[in-house]
K.L.:
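Mind having a look at this structure? Questions to follow.
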There are 2 protein chains.
Amino acid sequence: MNRTRTSIVDIARAAGVSKSTVSLVLQGSPLVNDKTREKVSGLIDELGYVYNRGAANLRQARSKIVGIVVNDLTNSFFAELAVGMDLVVQSAGYVQFLAHSGESVDRQRQVIASMRENGIAGLILSPARGTEANDIKSLADSGIPVVVVVRNLPGAKVSTLLSDNYAGAKAAIRHLIGLGHRRIAFMGGFVDTAVFSDRVRGYRDALVEAGIPLNDNFIIHSAPSRAGGVAAVERMMLFAERPTAALCLNDAVAFGVCDGLRSNNIEPGKGFGIIGFDDVIEAKTAVPALTTVSVDPQGMGQRAAQLLLKQINAGQIDQESIVTSVRLVVRQSCGAPVKQPEEMA
Amino acid sequence: MNRTRTSIVDIARAAGVSKSTVSLVLQGSPLVNDKTREKVSGLIDELGYVYNRGAANLRQARSKIVGIVVNDLTNSFFAELAVGMDLVVQSAGYVQFLAHSGESVDRQRQVIASMRENGIAGLILSPARGTEANDIKSLADSGIPVVVVVRNLPGAKVSTLLSDNYAGAKAAIRHLIGLGHRRIAFMGGFVDTAVFSDRVRGYRDALVEAGIPLNDNFIIHSAPSRAGGVAAVERMMLFAERPTAALCLNDAVAFGVCDGLRSNNIEPGKGFGIIGFDDVIEAKTAVPALTTVSVDPQGMGQRAAQLLLKQINAGQIDQESIVTSVRLVVRQSCGAPVKQPEEMA
DNA sequence: TGACTAATTTGGAACGTTCCAATTAAAGTT
DNA sequence: AACTTTAATTGGAACGTTCCAAATTAGTCA
């Protein structure tokens, strides 16, 4: 009910010591006598004192806040990524500004500026589509560590943490080929992201490696969402010669593809092989369980946060680029071996 | 590259005015002469000055930070809720600490303490299971507005924003009854949450209202997740006399129920009617599209944030309890009218 | 021009911490 | 007892802002 919160000097007065001593107690210094420490700590809970980290930051210039900006929280991949970051950030005694840019560069710029004003010690950014290196230049220039995750940001001289999209896509396609598929589509995504182009590159290279001719119609663009997957299938159904399997840009698209196939009375995993990308939690429990390239979003979030904290503590920032490896998790959605895919059109 | 960030006095010196004038310019005061304002603003971008909101807070005691604690970000319902909050918080010029408690009261306590030290102006809490009124008492006592959402927190004298779970469940069951169903299950959830008990109450009341005898076996507990839905179906399949439809605790469970039915070769929406709760974005595009009680999570997040901001600005907090109305969205998963449900066991 | 009002500008205290240099108290050592 | 170490404690400046009362400058009117 007090108008003004109780401060360090209030408890100093109450304990009959100086504010410096109280400060020492607060930071657990061994310099202070056990008896005074005890008395002070007692008063601290008794008076309901709460530490003012803002004031401390003002003096020390190093805050315990990290900023996290994610392009789409409603996509479970990014939600899990955020949860992974949250985990390590919190247990390191930091607290996070977490914002959602909704793929808007403007909004992203705004929140980064606002975070900066609030004195973040570092930033983890999963950039919105269309982000330029310039958007984080001034941040990086002022010595605040930045880690870019998931999507590449060419030209930015900051650390990045990406998954091995190329290898993952290649492994997925090889698996489908091994099952006997020859007409394989790539579904979902638009050309303007590195994630898309890397995965498509893996898709293409695996096909040529197996001597299968490329068919550009089989790369079916759509929104990288569940709804996008449904749309892609609609498009595919119009083809005279249809694919027998597809690698999807991500799990969300893959689930959409399952939905779309069902409305066309094709059973996913039996009449058509599907592989997703990311390995979101639902991938395991879905029916059919989704074969997918596991990126381990939560683990990736953890690694990103660890990388950032390392740089914050190190003081100087040496730019690091990590590509996390990825593995194909075979479940039901890619189906049993297909004997004569030529006859399935 | 400067060791120390440039401050208000740096640009004051450069512009040949006092720091007070610069401060005035910063807050857009009409007191300052246009010419000096112009000069000062010029120097501000030129020297790359960034406002230190922490220092300002120290002086003013009212920050532009709100805390948001959510029990499970990986559940799309809560992710969307968070996005809704983010939207209004950001456009009001605030920035948010967003944390994920993962249903752990300990962790929740920690992050709330940490947020408090960082000087949040208010808190929105979607409490972890097992949270007690006491956990936010000291916060509320110190005059910081708190809004509790989604889950009730009995005994806490703070504002709450809940959806009308009772009415929603009742409407859903009435609809199923109208389609001819008589043996209707309730799937998912555990007894310790108000959300669960309210929805079950609606379920029960609607059944007795229609003169249908209650069967407690038909309330099938499980984790409130997709995996939980699958598990609930497994349990149901063992019944001698099976339900013909189910209301699910939430959409995640409902999707799981669809999965579970499919692995038992029952087509969701045809052989078995399913109604979800929440209306997550995927509900619309799923196949079959999910009939569900729409809670509009994003809208709810927005309302919660607006409520909080109102209280922050008002200065004094008058406790408000809002129950947002809810509506049944009929799509495909509850199926066509069932003629003779007695013969479907 | 002088007096008065309106428009601008400005020192300095204050917010709650940390840190440094300096002081005081306690404990050993001859 | 006089000194040296070691242990504990302490003022006060500093961090970057806001706010107030007061000072300065410009403008207006007789």
Side-chain angles (χ1 to χ4, degrees), chain A residues 2-41 43-44 47-65 114 116-121 142, chain B residues 2-41 43-44 47-65 93 114 116-121 142-143:
Chain A
N2 324 22
R3 205 51 273 147
T4 166
R5 57 196 285 182
T6 93
S7 85
I8 217 180
V9 328
D10 294 320
I11 62 169
R13 190 160 28 233
V17 299
S18 80
K19 59 179 172 29
S20 304
T21 306
V22 179
S23 173
L24 257 10
V25 171
L26 249 19
Q27 38 203 139
S29 162
L31 259 42
V32 25
N33 184 302
D34 285 348
K35 254 170 61 181
T36 48
R37 182 200 317 285
E38 205 172 316
K39 176 161 51 168
V40 168
S41 315
L43 267 322
I44 283 180
L47 300 189
Y49 164 76
V50 343
Y51 184 73
N52 186 333
R53 213 165 276 279
N57 289 344
L58 183 54
R59 185 65 233 265
Q60 318 187 113
R62 57 195 135 88
S63 87
K64 288 285 209 175
I65 306 176
S114 161
R116 202 171 166 200
E117 292 186 350
N118 281 281
I120 52 174
S142 66
Chain B
N2 324 22
R3 204 52 271 146
T4 166
R5 55 198 284 180
T6 94
S7 85
I8 217 179
V9 327
D10 295 320
I11 61 169
R13 189 163 27 236
V17 299
S18 79
K19 61 182 171 26
S20 305
T21 305
V22 179
S23 172
L24 256 10
V25 171
L26 248 19
Q27 38 203 143
S29 162
L31 258 44
V32 25
N33 185 302
D34 286 347
K35 255 171 59 184
T36 49
R37 183 200 317 284
E38 205 172 316
K39 176 161 50 168
V40 169
S41 315
L43 268 323
I44 283 180
L47 301 189
Y49 165 77
V50 343
Y51 184 74
N52 185 333
R53 211 165 278 278
N57 289 344
L58 183 54
R59 183 65 231 266
Q60 315 185 120
R62 57 196 136 88
S63 86
K64 288 286 211 175
I65 307 177
S114 161
R116 205 174 163 197
E117 291 186 351
N118 281 282
I120 53 174
S142 66

K.L.:
For a 4.5 angstrom cut-off between non-hydrogen side-chain atoms, does Leu58(A) reach Asn52(B)?
P.N.:
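Leu58(A) reaches Asn52(B) side chain to side chain.
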
K.L.:
Between Gln60(B) and Arg37(B), which residue's closest nucleotide on DNA chain C lies nearer the 5′ terminus?
P.N.:
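On the 5' side of the pair lies Arg37(B).
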
K.L.:
Can you check whether Arg116(A) reaches Ser142(A) side chain to side chain, under 4.5 Å on heavy atoms?
P.N.:
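They are in contact (side-chain heavy atoms under 4.5 Å apart), so the answer is yes.
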
K.L.:
Please figure out whether Val32(B) or Leu58(B) has its closest DNA chain C nucleotide nearer the 5' end.
P.N.:
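The answer here is Val32(B).
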
K.L.:
Is Arg62(B) touching bases, backbone alone, or none of the nucleic acid, heavy atoms closer than 4.0 Å?
P.N.:
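Sugar-phosphate: the residue Arg62(B), judged by heavy atoms under 4.0 Å, touches backbone atoms but no base.
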
K.L.:
What are the 5'-most and 3'-most nucleotides of DNA chain C lying under 4.0 Å from any heavy atom of chain B?
P.N.:
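Listing 5' to 3', DNA chain C meets chain B from dT8(C) to dG16(C).
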
K.L.:
Quick one: label Ser20(A) by what it contacts on the DNA or RNA (base, sugar-phosphate, nothing), any heavy atom closer than 4.0 Å.
P.N.:
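Contact class for Ser20(A): base.
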
K.L.:
Which atom names give the shortest non-hydrogen contact between Tyr51(A) and Ala56(A), and what distance separates them?
P.N.:
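Nearest pair, atom of Tyr51(A) first, then Ala56(A): OH-CB, 3.2 Å.
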
K.L.:
Would you classify Ser23(B) as touching base, sugar-phosphate or nothing, given that sugar-phosphate means primed atoms plus P, OP1 and OP2, and contacts are heavy atoms under 4.0 Å?
P.N.:
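Counting heavy atoms under 4.0 Å across all strands, the contact made by Ser23(B) includes a base.
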
K.L.:
Ignoring hydrogens and geometry, is there a side-chain-to-backbone donor-acceptor pair from Arg37(A) to Val32(A) under 3.5 Å?
P.N.:
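Looks like yes, one N/O pair under 3.5 Å.
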
K.L.:
Expressed in angstrom and rounded to an integer, what is the separation of Lys19(A) atom NZ from dT10(D) atom P?
P.N.:
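After rounding, the reported distance stands at 10 Å.
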
K.L.:
Which atoms form the tightest heavy-atom contact between Gly119(A) and Ser63(A), and what is the distance?
P.N.:
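The pair with the smallest heavy-atom distance is O-OG, 2.6 Å.
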
K.L.:
Is there a side-chain contact between Leu26(A) and Ile44(A) in this structure, where contact means two heavy atoms from C-beta onward sitting under 4.5 Å apart?
P.N.:
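When only atoms from C-beta onward are counted, Ile44(A) and Leu26(A) do touch, with a gap below 4.5 Å.
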
K.L.:
If I take atom CD1 in residue Ile8(A) and atom P in nucleotide dG11(D), what distance separates them, rounded to the nearest angstrom?
P.N.:
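Distance, rounded to whole Å: 14 Å.
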
K.L.:
Of the non-hydrogen atoms in Ile8(B) and Tyr49(B), which two are nearest, and what is the gap between them?
P.N.:
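So the two residues come closest at N-CE1, 3.7 Å.
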
K.L.:
Under 3.5 Å, which protein N or O atoms sit close to an N or O of nucleotides 5-7 of chain D? Give each pair with its distance.
P.N.:
none

K.L.:
Scan Leu24(B) against the nucleic acid and name what it touches under 4.0 Å (heavy atoms): base, sugar-phosphate only, or nothing.
P.N.:
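Base, at least one base heavy atom under 4.0 Å.
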
K.L.:
Is the base of dG11(D) touched by the side chain of Ser18(A) through a donor-acceptor pair closer than 3.5 angstrom?
P.N.:
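Not at all, since no donor on one side and acceptor on the other fall under 3.5 Å apart.
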
K.L.:
Does some side-chain heavy atom of Asn118(B) sit less than 4.5 Å from a side-chain heavy atom of Ser114(B)?
P.N.:
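SC-SC contact between Ser114(B) and Asn118(B) confirmed.
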
K.L.:
What is the minimum heavy-atom distance between Asn57(A) and Arg62(A), and which atoms define it?
P.N.:
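Closest pair (atom of Asn57(A), atom of Arg62(A), distance): OD1-O, 3.6 Å.
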
